[in-house]
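Right, one structure below, let's go through it.
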2 protein chains.
Amino acid sequence: MAKQNTVFKDAFNRCLTLLSETSALPSEPELGQALGVSRTTVRAILSRCEEVKLISWDKRQKIVLRRPEPSDYFPTEETDSLAERIERSFMRRILAGGAEPGMQINELELAREIGTGTTSVREFLIRFSRFGLIEKRPNSHWVLKGFTREFALELTEVREMFELRSAARFVSLPENDPAWAELKQIEALHRDILADIDNRYREFSELDERFHLLVHKSSSNRFIVDFYDIIAIVFHYHYQWNKSNARERNARALEEHLAYIAALQSHDPKQAEQACRRHLKSARETLLQSIP
Amino acid sequence: MAKQNTVFKDAFNRCLTLLSETSALPSEPELGQALGVSRTTVRAILSRCEEVKLISWDKRQKIVLRRPEPSDYFPTEETDSLAERIERSFMRRILAGGAEPGMQINELELAREIGTGTTSVREFLIRFSRFGLIEKRPNSHWVLKGFTREFALELTEVREMFELRSAARFVSLPENDPAWAELKQIEALHRDILADIDNRYREFSELDERFHLLVHKSSSNRFIVDFYDIIAIVFHYHYQWNKSNARERNARALEEHLAYIAALQSHDPKQAEQACRRHLKSARETLLQSIP
DNA sequence: AGTTTGTCTTTTATCTACAATAGACAGATT
DNA sequence: AATCTGTCTATTGTAGATAAAAGACAAACT
C-alpha cells in the first residue's frame with residue numbers, strides 16, 4: 001500500500017452525516033469546502049455514494065435516494081490517520097507502560113508492533129522529539145528520557161513563565177477582541193459542568209485545554225502558542241491513563257479556573273497574576289503527585 | 001545510493017590528522033572512541049589506510065608508513081552529512097534569497113534542486129518546522145512564514161525571558177561549578193579578540209553562541225536549552241548573509257559581553273539582570289535593523 | 001459573469017529495498 | 001583477567017516507486 005485512504009474514508013463518513021439531513025447534495029467545490037477535502041476526494045466520495053445507491057448522481061444533480069445506515073459507514077479504526085495511530089501506540093508505551101528512562105527506542109521494532117513502515121514511525125519520532133521526551137543518537141537508536149519528575153518540573157517552569165506573560169497580555173486586550181466573547185463562553189461551560197459535576201467531570205480535560213490555549217494565544221507569540229502543544233499532549237495522555245481522584249481534581253480545577261477567569265475579566269493585572277499563579281501552582285502539584 | 005558514507009569519509013579525514021602525529025595507531029576500540037564512530041567504521045578506515053599504503057596493518061600492529069598528503073583527504077564537500085547540505089541550501093533560499101512570506105514550499109522541487117531523495121528533504125522540513133518559520137498544510141504543501149519582523153520580535157521576546165531566568169540561575173551556581181571556569185575561558189577569548197579586533201572580528205559569531213549557550217545551560221531546563229537552537233540557527237545564518245558593519249557590531253557586542261560576564265561574576269542578581277537586559281536590548285535592535 | 005464539471009498533472013504519504021553504520025559475541029592475544 | 005580482533009547480525013539513513021490526494025485548466029452550464 002502506498003498511501004492510506006483515510007482522508008477519503010473519514011470524509012465519506014462525515015458526508016453521510018450531511019446526507020442524512022438533506023434531499024440533495026450541493027456542488028462539488030461546496031462539498032469539498034464543507035468536508036475540508038479537495039475535489040478529487042469529493043468525487044471519490046460521490047462515486048462511492050452512487051455505487052452503494054445512496055444517491056443518484058448526474059452532473060449537478062445529486063439526489064439522495066435513501067438514508068444512510070450504520071453499515072454504510074467505514075469503521076472508525078479505518079478513519080484514523082496513520083500518524084494518530086502511531087502517536088497513540090507510542091504514548092501508551094511511554095506513559096502507561098513501565099517504560100524506564102534510558103530505554104532504547106527501536107524504529108524497526110516500533111514499526112512492526114504498530115504494523116506500519118519505518119518511514120512513518122521515523123517521521124513521528126522526529127516530530128515528537130521536540131517534546132523533550134526522547135533524544136536521537138545519530139546513526140543509532142533513540143533514547144527515552146522518560147516522563148520523570150525533572151521533566152514535569154522543567155515543563156511547568158516554562159509553562160508558568162509563558163502563561164503569566166500571556167495572562168498579563170490578556171487583561172490588556174481591547175474590549176472588542178473576540179477573546180473576551182470566547183472567555184464568556186468558556187466561563188458558562190465551566191458553570192454548566194460544575195452544576196452537574198458527578199456526571200460531567202470527564203468533560204473538564206477538553207475544556208481545560210480550550211481555556212489555557214485561549215490564554216496562551218493572547219500572547220501573539222508563535223513560540224508560546226506552539227509550546228502549549230507540549231503541555232496539552234502531556235496532560236491529555238497523562239490523565240487518560242491516570243484517573244485517580246479525577247472527579248475531585250477536576251472540580252477543584254474548575255473552581256480555580258472560575259476565579260482565574262474573573263480575575264482576567266477584572267482587567268486588573270495584579271489580580272490576574274495572582275489567580276494565574278494560584279492555579280498554576282496547584283496544577284503543578286497535581287501533576288507531580290501523580291508521578292512516582 | 002542507499003546511504004551516504006559521509007561518516008566514514010569524515011572520520012577518515014580526522015584519522016589522517018591523528019596519523020600525522022604518531023608512528024603507530026592504537027587499538028580499534030580506542031580509535032573508535034577518539035573518532036566517535038563504531039568499530040565497523042574504524043575497520044573501514046584502517047582498510048583504506050592500508051590500501052593507500054599509509055599504514056601497514058596486521059591485527060594489533062598498525063604502523064604508520066608515511067605522512068598523509070593533501071590528496072589523501074576526501075574533499076570537504078563529501079564529508080558533510082546530507083542533513084547539513086539540505087539545511088544550508090534551505091537556509092540560503094529563505095534568508096538570503098528573496099523568499100516571500102506565504103510562499104509555498106515544494107518537497108519534490110527542493111529535493112531535485114539539492115539533488116537528494118524526497119525522504120530526506122521531508123524529514124528536514126519536519127525537524128525544521130519547530131523553528132516556527134514554516135508550517136505544514138496536511139496532505140499538501142508547506143508554507144513559508146518568512147523571516148519577518150514579527151518573527152524576530154517573537155523570537156527575541158522568548159529569548160529575553162529565558163536568558164534573564166538563566167542569568168539569574170547562573171549567579172547562584174556554587175563556586176565549584178564548571179560553568180565558572182568555562183566563563184573565565186570565554187572572558188579571556190573576548191579580550192583576545194578585542195585586542196586584535198580588525199583581524200579577528202569574524203570569530204565573534206562562534207564565541208557568541210558559546211557564551212549564550214553556557215548561560216542558557218545553567219537554567220537546567222531542557223526547553224530553555226533546546227530553544228537556544230532556534231536563536232543560534234537564526235543568528236548564525238542571518239549574519240552569514242548580512243555582513244554590513246560586522247566589525248563595529250561585533251566590537252560593541254564583545255564589550256557588552258564583557259560587562260555582562262563581569263556582572264555574572266559579581267554574583268549579584270541585580271547587576272546581572274541589568275547587564276543582561278542591556279545586552280539583549282541591543283542585540284534585538286541590531287537584529288531588527290537588519291530586517292527590511 | 002461566475003460557477004461547475006471533466007480531465008489531466010503534480011505533489012504528498014507511505015512502503016520497500018539496500019548500503020552504511022552500529023553493535024554483539026566468541027575466540028585470540030597480551 | 002582484561003582487552004582486542006574477526007565475524008556476524010540488526011538497525012539506521014536514503015533512494016525509488018506507487019496509490020491517494022490536491023490542484024490546474026478549459027469546456028460546459030446556469
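Here is the naming used below: chain letters follow the sequence lines, and residue numbers restart at 1 for every chain.
Side-chain atoms of Lys3(B) and base atoms of dT12(D) include a donor and an acceptor less than 3.5 Å apart. Judged by distance alone, with hydrogens and angles left aside, Ser140(A) brings no side-chain donor or acceptor close enough to the base of dA22(C) to form a pair under 3.5 Å. At a cut-off of 3.5 angstrom, counting only N and O atoms as typed in the model, there is no donor on one side facing an acceptor on the other between the side-chain of Ser81(B) and the base of dG13(D).
Using a 4.0 Å heavy-atom cutoff across all strands shown, Thr40(A) reaches at least one base atom of the nucleic acid. Among the heavy atoms of the strands lying under 4.0 Å from Arg39(B) is at least one base atom, whether or not backbone atoms are also near. Lys9(B) comes within 4.0 angstrom of no nucleic acid atom, judged by non-hydrogen atoms across all strands. At the heavy-atom level, Gln4(B) lies under 4.0 Å from the strands shown only through sugar-phosphate atoms. Residue contacts for Ser27(A): at a heavy-atom cut-off of 4.0 Å it reaches the sugar-phosphate backbone alone, with no base atom in range.
A donor atom on one side chain and an acceptor atom on the other are found under 3.5 Å apart for Glu87(A) and Tyr237(A).
For Phe162(A) and Phe162(B), the gap between ring centers is short of 6.0 Å.
Between the Arg66(B) side chain and the Leu54(B) main chain, no donor and acceptor come within less than 3.5 Å of each other.
Taking atom CD of residue Glu123(B) and atom C1' of nucleotide dA15(D), one finds them 12 Å apart after rounding to whole Å. One atom, CG of Leu25(B), and another, P of dT5(D), lie 11 Å apart when rounded to the nearest Å. Computed from coordinates, the Arg43(B) CZ to dA22(C) C1' distance equals 14 Å when rounded to whole Å. We find that CG of Asp58(B) is positioned 10 Å from P of dT30(C), with the value rounded to whole Å. For the pair Phe12(A) CZ and dA20(D) C1', the interatomic distance rounds to 17 Å; values are reported in whole Å. In this structure, Leu46(A) places its CG atom 10 Å from P of dG6(C), rounding to the nearest Å. Distance, Ile105(A) CD1 to dA22(C) C1': 17 Å, rounded to whole Å. If you take CZ of Phe8(B) and C1' of dT12(D), they are 18 Å apart, rounded to a whole angstrom.
Taking the side chain of Thr119(A) as heavy atoms from C-beta on, and the options dA22(D), dC4(D), dT14(C), the nearest nucleotide is dT14(C). Comparing atom distances between the His141(B) side chain and each of dA22(D), dT16(C), dG23(D) picks out dG23(D) as nearest. The side chain of Pro29(B) lies closest to dT5(D) when the candidates are dT11(D), dT14(D), dT5(D). Distance from the side chain of Val37(A) is smallest to dA22(D) among dA19(D), dT12(C), dA22(D). Candidate nucleotides dG6(C), dC4(D), dT4(C) were compared by shortest atom distance to the side chain of Lys59(A), and dG6(C) ranks first.
A salt bridge does not link Arg130(A) with Asp226(A): none of the charged nitrogens is closer than 4.0 Å to a carboxylate oxygen. A salt bridge links Arg137(B) to Glu135(B): at least one charged side-chain nitrogen sits closer than 4.0 Å to a carboxylate oxygen.
A residue-by-residue look at Thr116(A) and Glu107(B) shows that Glu107(B) has its nearest nucleotide of DNA chain C further toward the 5' end. Along DNA chain D, the nucleotide nearest to Thr41(A) and the one nearest to Trp57(B) differ in position, and the one closer to the 5' end is contacted by Trp57(B). The nearest heavy atom of DNA chain D to Glu28(B) and to Gln104(B) marks one nucleotide each, and the one closer to the 5' end goes with Glu28(B). Between Thr6(A) and Glu109(B), the residue whose closest nucleotide on DNA chain C is further toward the 5' end is Glu109(B).
For Arg60(A), no side-chain nitrogen or oxygen approaches OP1 or OP2 of dT30(D) to under 4.0 Å. Residue Asn139(B) has no polar side-chain atom (N or O) positioned under 4.0 Å from OP1 or OP2 of dG23(D). Put simply, Thr118(A) has no side-chain N or O that comes within less than 4.0 Å of OP1 or OP2 on dT12(D). For Lys62(A) and dT4(C), the shortest distance from a side-chain N or O to OP1 or OP2 is not below 4.0 Å. A sub-4.0 Å separation between OP1 or OP2 of dT14(D) and a side-chain N or O of Asn5(B) is absent.
Annotation: side chain of Leu82(A) is in contact with side chain of Ile86(A) (closest heavy-atom distance under 4.5 Å).
Residues Cys49(B) and Phe12(B) approach most closely at SG-CE1, 3.7 Å, considering heavy atoms.
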